[in-house]
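After the structure tokens below, expect a handful of questions from me.
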Amino acid sequence: MAKKSAIEKNLNRNKLIKKNQSKRLKLKNICLDKNISMEERFDAQIKLAQCTRNGAKVRYRNRCQITGRPRGYYRRFKMSRIALRELALSGQIPGMVKSSW
């Protein structure tokens, strides 16, 4: 089980990402637009740098919904490999069976 503080920190990052997403996207588009003057693009870049770091999409970490484990994460199931295996072996995931050959 992951530390509760790490899980909460990640949830707060997700809230910040959703809150600042449109603002950051606007500023990024201004920075990349070659038709806008250099000064305006530079101002947009400075404003983007002044935004909170945790509002960036890159800072979010995928974590297991059950245990909070950050590694060995399966996006399709939104859980770690360990939690997935335990649920599969107990028969709680329909259609998933242990393979053998």
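Computed from a prediction, not measured in an experiment: that's the story for all the values here.
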* Supply the atom-to-atom distance Ile36 CD1 to Asp43 CG, rounded to the nearest 0.5 angstrom. =>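 Here the interatomic distance stands at 11.0 Å.
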* Asked: Among Lys15, Arg59, Lys9, which one satisfies side-chain hydrogen bond (donor to acceptor under 3.5 Å, both in side chains) with Asn54?
  ->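 When Lys15, Arg59, Lys9 are each tested with Asn54, the side-chain hydrogen bond (donor to acceptor under 3.5 Å, both in side chains) holds only for Arg59.
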* To do: Report the hydrophobic cluster partners of Leu11, with the cluster defined as I, L, V, M, F, W, Y residues connected by side-chain heavy atoms closer than 4.5 angstrom, directly or transitively.
  =>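 Joined to Leu11, directly or through intermediates: Ile7.
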* Residues two or more places apart in sequence or in another chain: which of them pass side-chain contact (heavy atoms from CB on, under 4.5 Å) with Tyr60? ->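 If we apply the side-chain contact (heavy atoms from CB on, under 4.5 Å) test to Tyr60, skipping adjacent residues, the hits are Asn10, Asn14, Ile17, Asn62.
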* Evaluate the side-chain proximity of Arg61 to Tyr73: yes if any heavy-atom separation is below 4.5 Å, no if none is. =>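 They are not in side-chain contact.
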* Can you sort out the partners of Leu87 under side-chain contact (heavy atoms from CB on, under 4.5 Å), two or more places apart, ordered by chain and number? =>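 Once residues adjacent in sequence are excluded, the partners of Leu87 under the side-chain contact (heavy atoms from CB on, under 4.5 Å) criterion are Ile66, Met79, Gln92, Ile93.
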* **Under the side-chain contact (heavy atoms from CB on, under 4.5 Å) test, residues paired with Asn29 that sit two or more places apart** =>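 Only Leu25 meet the side-chain contact (heavy atoms from CB on, under 4.5 Å) criterion with Asn29.
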* **Sub-4.5 Å side-chain heavy-atom contact between Phe42 and Lys47** =>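 Phe42 does not reach Lys47 side chain to side chain.
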* Closest contact, heavy atoms only, Gly68 versus Ala2 ->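 Nearest heavy atoms, Gly68 then Ala2: O-CB, 3.3 Å.
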* Is the closest side-chain heavy-atom distance between Glu40 and Ser37 below 4.5 Å? ->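 Glu40 vs Ser37: side chains touch.
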* Should Lys18 and Arg13 be marked as a side chain to side chain contact (heavy atoms under 4.5 Å, CB included) after you check the CA-CA gap, both sets of side-chain angles, and the distance that decides it? -> CA-CA 9 Å; Lys18 289 178 182 174; Arg13 281 184 184 146; over 6 Å; no
* Asked: Got Thr52 and Asn20 here, is their nearest side-chain heavy-atom distance under 4.5 Å?
  ->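 In contact.
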* **Distance, nearest 0.5 Å, that separates CD of Glu8 from NZ of Lys3** =>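 Answer for the CD-NZ pair, Glu8 versus Lys3, is 13.0 Å.
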* Considering all heavy atoms of both residues, which atom of Ser80 and which atom of Cys64 are nearest to each other, and what is their separation? ->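 Residues Ser80 and Cys64, closest heavy atoms: N-SG, 3.3 Å.
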* Lys23: partners by side-chain contact (heavy atoms from CB on, under 4.5 Å), with sequence neighbours left out ->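 By the side-chain contact (heavy atoms from CB on, under 4.5 Å) rule, Lys23 matches Leu27, Cys51.
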* Asked: Tell me, do Arg69 and Arg63 make a side-chain contact under 4.5 Å, heavy atoms counted?
  ->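 In short, these two side chains do not touch, never coming nearer than 4.5 Å.
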* Show which residues join Leu16 in its hydrophobic cluster (side-chain heavy-atom contacts under 4.5 Å, direct or indirect), or state none. =>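 Same cluster as Leu16: nobody, lone residue.
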* To do: Please test Ile30 against Gln45 for side chain to side chain contact (heavy atoms under 4.5 Å, CB included), starting from the C-alpha separation and ending with a verdict.
  => CA-CA 8 Å; Ile30 292 170; Gln45 213 165 13; over 6 Å; no
* Asked: Are there more than 12 heavy atoms of other residues, nucleotides or ligands under 6.0 Å from atom CZ of Arg41?
  ->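 Result for CZ/Arg41: enclosed.
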